[in-house]
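Just below is one structure, and these are the notes that go with it.
Here, residue 1 is the first one in the sequence, and each next residue gets the next number. The basis for the numbers below is simple: all heavy atoms, side chains too, and nothing from hydrogens, waters or symmetry mates.
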Amino acid sequence: MRIAERDRRIIILQATFEKNAAREVVATGWEAYARPWASFAPVSDGERLRAAAVEQKSDARFVVSWSVRLAEITSAFRLRFDGDDWRITGIKELGFRSELEITAWRLKKAGD
């Protein structure tokens, strides 16, 4: 993929943790982990049907340039794009350390 096709700025979010009064470690929020440029492609209805996903949710794929930092991303991270938070459901390396394809679904629509 050409770099010019990565025309969207996304924010990769990592959970923050603190100890509560019972000394348990609990997630308290999200902080920016990385801010890469990405391409954005909604998952088509046909793909959703073939995957037997009948829920009303927005799925998308984001492609970013590979880096050591981005290669550490897991499904425990979140993604913020265009004011919405997205749950990361899959990460796939494209080529040898060339690109990462991040599949995600929208958790909330902006303004909700």
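- Cluster annotation: W37 and F40 are assigned to distinct hydrophobic clusters (Ile/Leu/Val/Met/Phe/Trp/Tyr, side-chain heavy-atom contacts under 4.5 Å, transitive).
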Between E31 and L13, is a side-chain contact (heavy atoms from CB on, under 4.5 Å) present by the stated rule, with each step listed?
CA-CA 5 Å; E31 66 180 19; L13 303 169; over 6 Å; no
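- Qualifying side-chain contact (heavy atoms from CB on, under 4.5 Å) partners for S67, counting only residues two or more places apart in sequence or in other chains: R69, L70.
- For the side chain to side chain donor-acceptor pair (under 3.5 Å) condition, the pairs that include at least one residue of residues 8-20, sequence neighbours left out, are T16-T28, N20-E24.
- Note that OG1 of T103 and CG of D59 are 8.5 Å apart. Values are rounded to the nearest 0.5 Å.
- W86 and A60 make their closest contact through CZ3-CB, 3.7 Å (heavy atoms, listed as atom of the first residue, atom of the second, distance).
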Begin with the C-alpha distance, continue with both residues' side-chain angles, and end with the deciding distance and a verdict on side-chain contact (heavy atoms from CB on, under 4.5 Å) for L107 and R78.
CA-CA 10 Å; L107 291 172; R78 286 194 182 171; 3.4 Å; yes
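- The salt bridge (Lys or Arg N to Asp or Glu O under 4.0 Å) analysis of residues 85-97, with sequence neighbours excluded, yields the pairs R80-D85, K92-E101.
- With sequence neighbours left out, the side-chain hydrogen bond (donor to acceptor under 3.5 Å, both in side chains) criterion links E72 to Y33.
- For A71, the side-chain contact (heavy atoms from CB on, under 4.5 Å) criterion is met by W66, not counting sequence neighbours.
- Partners of I10 under the side-chain contact (heavy atoms from CB on, under 4.5 Å) rule, at least two apart in sequence or in another chain, are I12, P36, A38, F62, V64, L79, F81.
- At least one side-chain heavy atom of R6 sits under 4.5 Å from a side-chain heavy atom of S65.
- W105 has its side chain within reach of T89: a pair of non-hydrogen atoms, C-beta onward, lies under 4.5 Å apart.
- Here the side chains of I73 and I88 are in contact, with some heavy-atom distance below 4.5 Å.
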Evaluate side-chain contact (heavy atoms from CB on, under 4.5 Å) for V63 paired with L94, printing each intermediate quantity in order.
CA-CA 9 Å; V63 177; L94 304 176; 4.2 Å; yes
